Amino acid sequence: MERDVKVRLRLLSSLRQTVGESELAIGFAGGSVESLVKEAGNKYPKLGEAIFAKDGSIDYAINVILNGRPLTESAMKETVRDGDEVTLLAAAAGG
Amino acid sequence: MLDRKIGIVDLSRNSVKIVDMPKDIRAKYLGGRGINTYLLYKLLRKGVDPLSPNNVLILGAGLLTGTLVPNSSRFNVSTKSPETGFLGDSNCGGFFAPEMRYAGFDHIILKGKAKKPRYVYVEDGDIEIRDARDYWGMNTNDAQVSFRKNLGDVEVACCGTAGENLVRFANLRTGVKNSAGRCGTGAVMGSKNVKAVVAYGTMGLKIKHPQKLLDVVKEVEDYILGSKLTPILGSVGTPLLYEVSNELGAIRTKNSQLNQWSDSLNAENIEKEVEKMIGCSSCIVHCRHRNKLGGEGPEYTSVGLLGANVGIDDVKQVIELQNIANDLGLDVSSAGTIIAWAFELFELGIINEKMTGEKLEFGNFEQARSLLHDIAGREGFGDILAESTQAAKKFGKKSEDYLIAVKNLPQSDPHDVRYIKAFALGIATASRGADHLRSRPTLEIFLRLPKEVKERIYGKGVSPDPTSYDGKEKTVYFSDNIFAVVDCLGICKFICHGFNSPHFLDYPRFEALLEAATGMKYGRRKMEAVGKRVIDTERMFNIRQGLTRKDDTLPKRYFDDPMPMGPTKGHHIDRNEFDAMLSRYYKLRGWDEKGMLAPSRVEEIKSVGGLP
Ligand code: SF4
């Protein structure tokens, strides 16, 4: 399959530290934001370890921002387009 | 039972009375914040001047504090706040509270005022009022080192020079960083001419079912340590949140004129200044840094409020400001908010050099540093800032429009709450004023959390959209109640369900720990009822001190100025939507439209009895 959708995947905060990269350039066959994130998690095992829940879904603690717009779970079905920027960051809290 | 005594220290009469914990109070409020609140309500009449001998300062350990229960290090310090005029209550970790219990006391009440500087010494069932002249004038690090040098392996909760000088946001410190930080607890201690409460104890705590407790603790530890979040908090600590908030466009910057700031304050830059991670008594998370500049921290709050909020982007400078504030015994949240407020007022011309003595400007590290010292010493313009939000009396009415505070308490959360509506309701209704540790429904920042998961935790009708007002009263109501319970038990909120994670400890695990340790059997409902009772008692205290619905509100800027930058651009709080959400919150609590309790509920709470 052709990998013609080029996406900039940014990793922030603890994810950047876990993976050791702040940005991954992903060639992607196309599809939803969810499938892109899953594909990246499968391709980079350290990222996968950090973002996948036990059942293989994307952990709810992972916030996803598409071109500067934070996504709710239903918006994860939106289609990724060539040149999009997807940002992943693990939500957490404290004082 | 883990019961310890209540020590009542009358500083005016130089006398001490030691009483048993009445069973009814224990059953209804468990310990810590709950019992403190009850005592405060019973002891203080309307209109007491917070810095007068008529105020009281209560130190109260949680019911499970000092046991094997993970992260059970906490105590609350409660008083009428000199910063706000309402409830003053602050929760603190470290090692002091377990020691106070080993020394035989669950609660120590300081009343009256000593003629000369004193400290209160607590050891194995006894309390003495001692001469503190050798410690007066010291800041919190030196004072603690000196107490240890002179008295051995004691634990100390003390005020710094800020407390001695009655700075309205002076705090009470134990260790290098742990603080009963909020509401001016240190000023109340200073007003009583007391430098510290010092504890040394060898009395073990009697556990009702030791083997059972070991088993439950093991299960709880495995559960917490199995979470992905635990190693992250234990290696990076809370500064990682700075980047999360900043990326979303929700970091309070330059007194909330802006909502995004420099990447230079991201956690990996802070880590370069970190020696190691450490923790409070019985902690299995270790969220705290020991920094290379001679202190502990910074936490997210310091990074946000002594960094972005005052326009500083250099990590070392932020850490230095934080270390200084801690040593002087100043609350970093109030300090960072009040200094930023003054900076903006100067920019706007609302205050000028005639009052400040110099040009004030965001990003000026030397100026921020000397202001901290001047505030603690009440020198020059610092004397005005030492009044906290009450400096508005000097600055003029217009200055209030730029003040980021609720119920006269500067906001502690570095998160700009205009985006996440539940956070806004949380700071508006929190019993001690603008604060995130009372009721922040943190799971709202898990932006992908689906409706069914949210509804399972908070109840039906809660929108999964953090920018929606729908059902958000339920998220605050749930958080208010469970955080109150965790404060009664003496456990750190970091492992409490809903504060950090949709997992962590919920009511069933609290029940299991409580039963194993004390034999007290509390089902979910009864446990939650304790939380509700604490909130209602705090409300009664505040109403007696003059609180009305108009105090459950937000800074003007949050309503009127949309967020200017980033993904959150354009968001603000709609007054009508906020008002409707507030009414729904009152209804859930059983309060009327004015935020008042039903007379039958007031009578019920008043009838809790047994105070000698
Ligand atoms: S998680 Fe942090 S604040 Fe909580 S008990 Fe541990 S070290 Fe203290």
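Note that this is a predicted model, so its numbers are computed, not measured. Here is the naming used below: chain letters follow the sequence lines, and residue numbers restart at 1 for every chain.
Atoms CG and CD, from B:Asn266 and A:Gln17 in turn, are 9.0 Å apart once rounded to the nearest 0.5 Å.
Contacts between A:Ile51 and chain B at a heavy-atom distance below 4.5 Å involve the backbone alone (N, CA, C, O).
A donor-acceptor contact shorter than 3.5 Å is absent between the side chain of B:Arg448 and the backbone of A:Ala75. Checking side-chain atoms of A:Ser13 against main-chain N and O of B:Leu240 turns up a donor-acceptor pair under 3.5 Å.
A:Glu73 and B:Lys451 are not joined by a salt bridge, as no carboxylate oxygen comes within less than 4.0 angstrom of a charged side-chain nitrogen.
Options A:Asn63, A:Asp59, A:Thr72, A:Thr87 differ in how many heavy-atom pairs under 4.5 Å they form with chain B, and the most are formed by A:Asn63.
Nearest heavy atoms, A:Gly68 versus B:Pro567: O-CB, 2.9 Å. Taking every heavy atom of both residues into account, B:Phe446 and A:Tyr60 meet most closely at CD2-O, 3.5 Å.
In this structure, B:Glu243 and A:Leu89 have side chains that are not in contact, with every pair of non-hydrogen atoms separated by 4.5 Å or more. Taking 4.5 Å as the limit, some side-chain heavy atom of A:Ile65 sits within range of a side-chain heavy atom of B:Glu247.
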